[in-house]
Every structure is written in structure tokens, then in C-alpha cells.
Amino acid sequence: WTRHKRLCVPVMVKDFGEKGRGLVASRDFKIGYIIMKDKAVVTSSAEVDMYPLDVMDCGENMSRQLLQLPEVIRAEYFQLSQSKVVFNKFEEDPLFGGIPIPAVSKLAVAIFLNNRIGNKIYLSLSLINHSCYPNAGWHHTDESYENEELRATRDIKNGEEITSSYLSNFEALTNNKVKRQEKLQGSWSFVCECEKCETCEDESFASLKREIEKLLPSKRPPTNLAGWKSLSKSHERLVDAILTILGKPSPDFYFDFKTLASFGQLARNPNLVDKGMKLFLQSVDIGQFSFHKKEYETHKKRLLNWKRNLSSRKSPDMDEVTTFL
């Protein structure tokens, strides 16, 4: 029952041969419809840099967590795909620097590195294969990141494979086929043969994609109002470039629309606040992710609480900057 309850969703597990297992829709899904929810079974905040002690510590941590799970769930974890990069290194040096690493630790780490979403493993979501033109995406439902919901980002037909992108939103948007393939080969050891990679590359937005890479905001905030005005205009160009390529607001870039509203507040520009919140709402209505909805309502209240500052000509103080960043 434990296993059935978790997989009692409108999808089927299918073996795709060399591609491995994947998920297939067993009914039609409209864009924004929820496909399933999944809860993390294993988590690790440790960075694994392929040093012997890192691998052993992470492996032991994984093993302890797995022993707390029902046997059927534990078995499913060990059926997930393994990182070829990890095992290739183990084959070159079985002792890995003279330190013997328990086989179960090697396997646990190889599986974790190949299937993690952030720093967690979700058994059902881990079965979803990559596509550079995905039809589904997931997002956490609360700040704990323990629970994720998978929703259709395009209309999905009964019998169609459910896919997501392993690349970041900006990597998927701006990288050409060569860069995408290099990233996927280096991180997951496979060559993507999705619809986008098998067709001729559209170069019409090449210059715009290069501009997007230059416009990605710095993590260092401005120190005066002039700096915020400049940053807000730069971010508006970034958002406009995203919309030009995509054609409409996307839930993948909800945070960038929210940021536009924040920068508009800090730059004392009501038009940018309105523009950012309008795009934010449109992306929420399209994606229907519950966390995005909560974020939209929270941000709307935040802007209302600080509205009196919007007409000010003073630079935002540290409290206001901290609130909106």
C-alpha cells in the first residue's frame, strides 16, 4: 500500500531502453493541471566533490536515512539510475586514494548525484526524463522544500512521455544545442535526442540570447537611487527579451517578473511595479503552482505595506532593500 499510494497517480512507468525508465501520461492533461505530488525521501546538504571523505560521509548519511524508510521505498531508491561519472572514477582507483569506500556508500552517492533535485531525492520525479522542450515542470509547495508538485507546462496527450528540463531556466532559454549537449553530457552522461535537439536550431534570437546573458543581474545591490533606477531598467530589458523569445509569460520566469516589481519599488517607478505584478499574475494563472500563488499574494501585500515610499525621491534604506530582495 505504501508504494501503491505514492504511485496512485495518472501516470505509468515505462522502460525506454537505453534511455532508461520514464513516466507516461495515462490521461490527457491541460496546461497548468497538476499531474502528481511527491515528497522527498532522502536529503543531504553536504557538497560532494569526489573526495574520499566526502563520498564516505555522504554515503553514510544516505544509508542512515534509507534505513529509516520502509523496505519497499528503500528498494526503489536503489533502482534509480546511477552517475556514470562517479563509477568511472571508482573504477580508475577502487580504493579512491587508498581509502576503501563501502560499496553501499558508493552506490547511494552515485544514485543521489544523478537524481537529486536541489539537495533532495523524490522517487517519482526522479523517473522523469529530460527534454530541452519539456511538457512538465515542478515546484516546491512550501518553504521546507519537502513536497513538490508536478504540473503540465504544455498540453499533454494520453500516452505521451512526461518530460522536464534538467537545465536551469536560463540555460534552456539561451544555450544553443552544443552548449546544452555539453552540459547534459558532463553532468548526466547522455546525449539528448529530444525534438528540439533533433531539429534545425533557430538562430533568429541568437543576438537577443547573448544580450540576456549580459543582462543577468549582479548579486551586489546598488547603494543609491540612481543605481536602482539603472538596475530596474536593465532588468526590464531582460524581462522584455525573455517575453520576445517565449511569446508570453512563463511560470519558469515568475521570479524575474516578481523581481521587476521589486526593482520598480526600489527605483520609485510605479510603472515597473505594475508591469512586474501583471506579468507575475499572468505566469501564476498559466502555471497554477500553489507556491507561486502564495508568493504573488505575499508580494502584493508587501508592496501595499511599502506603497508610501513609492512616491518618495529618497534612496531605499536597508530595511526596505532587505524586504524586497
Side-chain angles (χ1 to χ4, degrees), residues 2-3 6-7 9 11-24 36-97 99-131 136 138 140 145-148 150 161-168 183-192:
T2 302
R3 180 172 183 273
R6 188 176 59 75
L7 291 176
V9 290
V11 296
M12 300 176 292
V13 179
K14 180 179 177 179
D15 191 336
F16 287 92
E18 291 184 4
K19 190 175 170 181
R21 294 182 299 163
L23 296 183
V24 174
M36 70 164 76
K37 294 182 179 180
D38 204 5
K39 184 175 182 179
V41 296
V42 166
T43 184
S44 174
S45 58
E47 289 293 330
V48 183
D49 295 320
M50 293 296 98
Y51 293 112
L53 291 178
D54 282 349
V55 173
M56 284 196 294
D57 288 346
C58 185
E60 289 174 2
N61 179 27
M62 298 288 104
S63 299
R64 283 194 298 270
Q65 293 182 61
L66 289 165
L67 286 172
Q68 303 300 314
L69 298 173
E71 184 177 351
V72 65
I73 301 297
R74 190 161 62 246
E76 284 190 63
Y77 178 90
F78 284 108
Q79 289 175 10
L80 294 175
S81 58
Q82 307 158 16
S83 170
K84 294 180 181 178
V85 175
V86 173
F87 276 94
N88 286 343
K89 188 154 189 175
F90 288 149
E91 288 174 5
E92 293 171 6
D93 185 357
L95 295 181
F96 212 0
I99 302 175
I101 302 175
V104 68
S105 293
K106 298 176 186 178
L107 182 56
V109 172
I111 290 173
F112 178 76
L113 292 180
N114 210 49
N115 296 277
R116 62 181 172 179
I117 297 173
N119 65 343
K120 293 177 173 59
I121 294 291
Y122 304 81
L123 292 179
S124 295
L125 295 181
S126 292
L127 294 176
I128 300 174
N129 287 319
H130 167 82
S131 172
W138 57 72
H140 51 274
Y145 288 76
E146 289 292 329
N147 299 284
E148 299 272 338
L150 178 73
E161 183 181 8
I162 295 171
T163 58
S164 66
S165 175
Y166 293 2
L167 304 172
S168 72
K183 174 72 174 181
L184 295 167
Q185 183 70 45
S187 298
W188 291 280
S189 304
F190 72 85
V191 176
C192 183

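Only heavy atoms go into these numbers, but all of them, side chains included; no hydrogens, no water, no symmetry mates.
Qualifying salt bridge (Lys or Arg N to Asp or Glu O under 4.0 Å) partners for K19, counting only residues two or more places apart in sequence or in other chains: E161. Applying the salt bridge (Lys or Arg N to Asp or Glu O under 4.0 Å) criterion to K120, with sequence neighbours excluded, gives no partner residue.
Put simply, the side chain of L150 does not reach to within 4.5 Å of the side chain of V11, judged on heavy atoms. Using a 4.5 Å heavy-atom cutoff, the side chains of K37 and N147 are not in contact. Side-chain contact between S44 and F112: present, with at least one pair of heavy atoms (C-beta onward) separated by less than 4.5 Å. Here the side chains of Y77 and L69 are not in contact, with every heavy-atom distance at 4.5 Å or above. No side-chain heavy atom of L80 sits under 4.5 Å from any side-chain heavy atom of N114.
Ring pair F190/H130 is tilted by interplanar angle, where 30° to 60° counts as tilted.
The two residues W138 and S164 make their nearest non-hydrogen contact at CZ3-OG, 3.2 Å. In plain terms, the two heavy atoms of L23 and S124 that are nearest each other are CD1-O, 3.7 Å.
Rounding to the nearest 0.5 angstrom, the gap separating the CD1 atom in I117 from the OG1 atom in T43 is 11.5 Å. Note that CG of L127 and CD of E76 are 8.0 Å apart. Values are rounded to the nearest 0.5 Å. To the nearest 0.5 Å, atom CZ of residue R74 and atom CD of residue Q65 are 13.0 Å apart. Rounded to the nearest 0.5 angstrom, Y122 OH and E148 CD are separated by 4.0 Å. Here the straight-line distance linking atom CD1 of I111 with atom CE of M62 works out to 11.0 Å at 0.5 Å rounding.
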